[in-house]
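Taking it in order: structure first as structure tokens, then the write-up.
Just so we're on the same page: letters track the sequence lines, and every chain starts at 1. Note that these values count all heavy atoms, side chains included, but never hydrogens, waters or copies made by symmetry.
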Number of protein chains: 2
Amino acid sequence: MNLASTARGTGHSTMEDVAQLAGVSLKSVSRVINAEPHVSVKLRAKVESAIAELNYVPDTAARSLAGSRTFIIGLLFDNPSPNYTMNIQKGVYEACRANQYHLRIDNVDSTAPREEFEAQLLALVRNSRCDGFVLTPPLTDDLVLLDFLDQSGIRYTRIAPASEHGRSPGVGIDDYEASASVAEHLWALGHRRYAIVRGPESHLAGARRRDGFVDALHKLGLDQPVIEVDGGFSFEGGIHAGTEIIGSDKLPTAIFATNDDSAAGIMAACSQAGVRVPQDVSVCGFDDSWVARSVWPYLTTVYQPIEEMGRAAASLLLRRDEPENGLHRLDFHLVVRDSTAPPRS
Amino acid sequence: MNLASTARGTGHSTMEDVAQLAGVSLKSVSRVINAEPHVSVKLRAKVESAIAELNYVPDTAARSLAGSRTFIIGLLFDNPSPNYTMNIQKGVYEACRANQYHLRIDNVDSTAPREEFEAQLLALVRNSRCDGFVLTPPLTDDLVLLDFLDQSGIRYTRIAPASEHGRSPGVGIDDYEASASVAEHLWALGHRRYAIVRGPESHLAGARRRDGFVDALHKLGLDQPVIEVDGGFSFEGGIHAGTEIIGSDKLPTAIFATNDDSAAGIMAACSQAGVRVPQDVSVCGFDDSWVARSVWPYLTTVYQPIEEMGRAAASLLLRRDEPENGLHRLDFHLVVRDSTAPPRS
DNA sequence: CCTACCCATGACATGGCTGTCAAGATTGCG
DNA sequence: CGCAATCTTGACAGCCATGTCATGGGTAGG
């Protein structure tokens, strides 16, 4: 093992060390590192072996000071669901690693008063030199933020944006179609009395899911209204929603919760009230998050490739060529587990 | 609103702009920014108002190139539990913000073969210029990593380390005592037949919990062995463990799962087998994570201030003066909810 | 009133890399 | 074989802060 590093106790070797060892100029080393054109094979080889020998790693700070890139991507989130966020983060992180980028995270708190929240957000974005942001819902649809980013010319991509598709590249699934597939599954099982548990209003994707589900049911021939209750995308909200639904006159035979957390809450409310899932009522979630397999019975839900979405969003950001605006659609699919079954006659 | 920023389309004003506007030297601005001594009140005021007017924010890259600090903290994790990790992350993030630092995350994958895993880890740590790392379990107890960090003189603090307390500052709760409090709770309820669900072997804190629980029970007078099963700290592991326990000759009346995820798995296994919680068996978890309130009945568990631990670990790292090595203990407490009750008969 | 010293301030070099431009080497073609 | 065009390489300035050291004014003590 070579302890590498010359002189000055920094412990790091610099580009100059590499240049010297390889017997070439500073700039040539730079060219090799950045894979610039016009470098002879021979020179490249010399430099590369010198780099390897010295265990050289370019200094990010110096690179970003001199150049125009920072080699940092910011992940901006304000998401109450740790599972979802963690998955996104993982995907974004991997894309960063693969491109020698670093991932910085920035967390905003949307429970703060709107005014304070906006100040927080803008300060964050303004101060933070980075090559771009990945936005997660519901920030993806925050017009103040989007306007600011667009005006400042700061690049960004969005994960599962529900509106403003023309403004930036985004990745996501088709929430409308996905929810329609839930409707079809439940309809095929024979259900005819439905309830839906909605997400928070700020979360536009939730609205898309609601529409996809309800529209599909009516298209399939449902002739009565779907009971609609708010569940706030949380377990607790799900419990409340579940309790409300169970207490209603005509207990539906199938409940679609527009995310897994609230579906878990529904199931808890059922178990509390002695209503059996799926014998008495079928429950379906959305996300196929970690919770879906942390409840009993395992939850029927819509799988969306969350980690992959993170990866894709970061990759779009990292491409040197400007990617096309608009939503890049990824595949979803229904995962049928144990929480849905035919209604008892 | 002042659009700030002078000249060159960078959109950012530099220290020079500030110096000019304030009519002082570059260095004086630097002094104000870094709160260095020997600055007159008058000068400081001038500079500060210029900073405000220009909306100036120091360039991190330049600062770290010129100075010795990077203004970045790295959070290194390899943790299967999204809830736990997310909480830590939040705490660390807040401490960073409060100190004008940025948080970079680095995620390693311990499911990779050990050799590859180590290479990954060391490359990460070596390449990444930052002012220090916050380590989460089980990385906190990885001797190869610790040795490398110590040798390289890279600063770090650890969250919930289970060993090697002398090597660096760490924060955590007393897992041994915390588990003893679980034992006392269950004993006081009248339970006399116990099972414990252990964590993965690599997770030394899990072992501490096991010891604290078992020792306390014997001290309280338990005269028979505690059934011990592995649960791997995961929901699935909990299901397996639960199934195994339920299938055993003498069903215990109380089960202590050493984290919440496996406790949730236990409860799922119970519900699956028709064993009621808490009537037939009491279940207790550990962590008071998000899952504890995502199961029904709500889980009795040990609260540990995870977010606070993150904050504390980062703060220790950020202090200019070298903090004392050793474990800084934070408070825990038992949260009694609905999954524990006196045994029948 | 002078020396000694401290405080406030500034000038300037420096950090590691990239961008620009120019020079030398090579190639192509009439 | 000569000249233009192209490819390869290098010299050097500059990015924006910080660290070091020098300077000038003020205060204290003799």
**Message:** Using the ring pair (Phe, Tyr, Trp, His ring centres under 6.0 Å) criterion, which residues pair with B:Tyr56? Sequence neighbours excluded.
**Reply:**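 Ring pair (Phe, Tyr, Trp, His ring centres under 6.0 Å) check on B:Tyr56 returns nothing, list empty.
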**Message:** Suppose we screen for ring pair (Phe, Tyr, Trp, His ring centres under 6.0 Å). Which residues come up paired with B:Tyr101, at least two apart in sequence or across chains?
**Reply:**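 For B:Tyr101, the residues satisfying ring pair (Phe, Tyr, Trp, His ring centres under 6.0 Å) (neighbours in sequence not counted) are B:Phe71.
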Whole-Å distance separating the [atom1] atom of [X] from the [atom2] atom of [N]:
X: B:Leu54; N: D:dA17; atom1: CG; atom2: P; answer: 12 Å
X: A:Lys42; N: D:dT9; atom1: NZ; atom2: C1'; answer: 13 Å
X: A:Tyr56; N: C:dG16; atom1: OH; atom2: C1'; answer: 7 Å
X: B:Glu16; N: D:dA17; atom1: CD; atom2: C1'; answer: 11 Å
X: A:Ile51; N: C:dC17; atom1: CD1; atom2: P; answer: 10 Å

**Request:** For the helix from C:dC1-D:dG30 to C:dG30-D:dC1, figure out the bend between the end axes, five pairs an end, and round to 10 degrees.
**Result:**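 The angle, to the nearest 10 degrees, is 30°.
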**Prompt:** Does any pair with a residue in residues 86-96 of chain A pass salt bridge (charged side-chain N to carboxylate O under 4.0 Å, His left out), and if so which ones, sequence neighbours excluded?
**Reply:**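 Every salt bridge (charged side-chain N to carboxylate O under 4.0 Å, His left out) pair that includes a residue of residues 86-96 of chain A, provided the two are not neighbours, is A:Glu94-A:Arg311.
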**Asked** What residues form a side chain to side chain donor-acceptor pair (under 3.5 Å) with A:Arg69, not counting sequence neighbours?
**Response**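 Per chain and number, A:Arg69 pairs via side chain to side chain donor-acceptor pair (under 3.5 Å) with A:Asn34.
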**Request:** With sequence neighbours excluded, tell me which residues meet side chain to side chain donor-acceptor pair (under 3.5 Å) with B:Asn87.
**Result:**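 None.
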**Prompt:** Taking only residues two or more places apart in sequence, or in another chain, which ones meet A:Asp106 in a salt bridge (charged side-chain N to carboxylate O under 4.0 Å, His left out)?
**Reply:**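 Result, salt bridge (charged side-chain N to carboxylate O under 4.0 Å, His left out) vs A:Asp106: A:Arg104.
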**Item:** Test salt bridge (charged side-chain N to carboxylate O under 4.0 Å, His left out) applied to A:Glu118 - qualifying residues, sequence neighbours left out
**Value:**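 Checked A:Glu118 against salt bridge (charged side-chain N to carboxylate O under 4.0 Å, His left out); matches are A:Arg114.
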**Asked** Does anything in residues 104-140 of chain B pair up under ring-ring contact (aromatic ring centres under 6.0 Å, His included), and if so which pairs, sequence neighbours excluded?
**Response**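 Every candidate ring-ring contact (aromatic ring centres under 6.0 Å, His included) pair involving residues 104-140 of chain B fails, so no pair, neighbours aside, qualifies.
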**Prompt:** Reading nucleotides 18-24 of chain C 5' to 3', which nucleotides get B (base under 4.0 Å from a protein heavy atom), which S (sugar-phosphate only), which -?
**Reply:** BBB----
**Message:** Rounded at 0.5 Å granularity, tell me how far NE2 in A:His102 sits from CD1 in B:Ile72.
**Reply:**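 Those atoms lie 7.5 Å apart.
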**Asked** Picking from C:dC17, D:dC15, D:dT9, which would you name as closest to the side chain of A:Leu65?
**Response**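 Of the candidates, D:dC15 comes closest.
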**Item:** A:Glu36 atom CD, neighbour heavy-atom count above 12 within 6.0 Å
**Value:**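 For A:Glu36, atom CD is crowded (more than 12 foreign heavy atoms under 6.0 Å).
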**Message:** Can you pull out every side-chain hydrogen bond (donor to acceptor under 3.5 Å, both in side chains) where at least one residue sits in residues 147-162 of chain A? Sequence neighbours excluded, please.
**Reply:**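 Qualifying pairs, neighbours excluded: A:Asp147-A:Arg167, A:Asp150-A:Tyr156, A:Asp150-A:Arg167, A:Arg158-A:Ser168.
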Could you list, one pair per line, each protein nitrogen or oxygen that sits under 3.5 Å from a nitrogen or oxygen of nucleotides 4-8 of chain D, together with the distance?
{"residue": "D:dT8", "atom": "OP2", "partner": "A:His38", "partner atom": "ND1", "Å": "3.4"}

**Item:** Any B:Ser28 side-chain N or O less than 4.0 Å from OP1/OP2 of C:dG10
**Value:**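 Yes, because at least one side-chain N or O of B:Ser28 sits under 4.0 Å from OP1 or OP2 of C:dG10.
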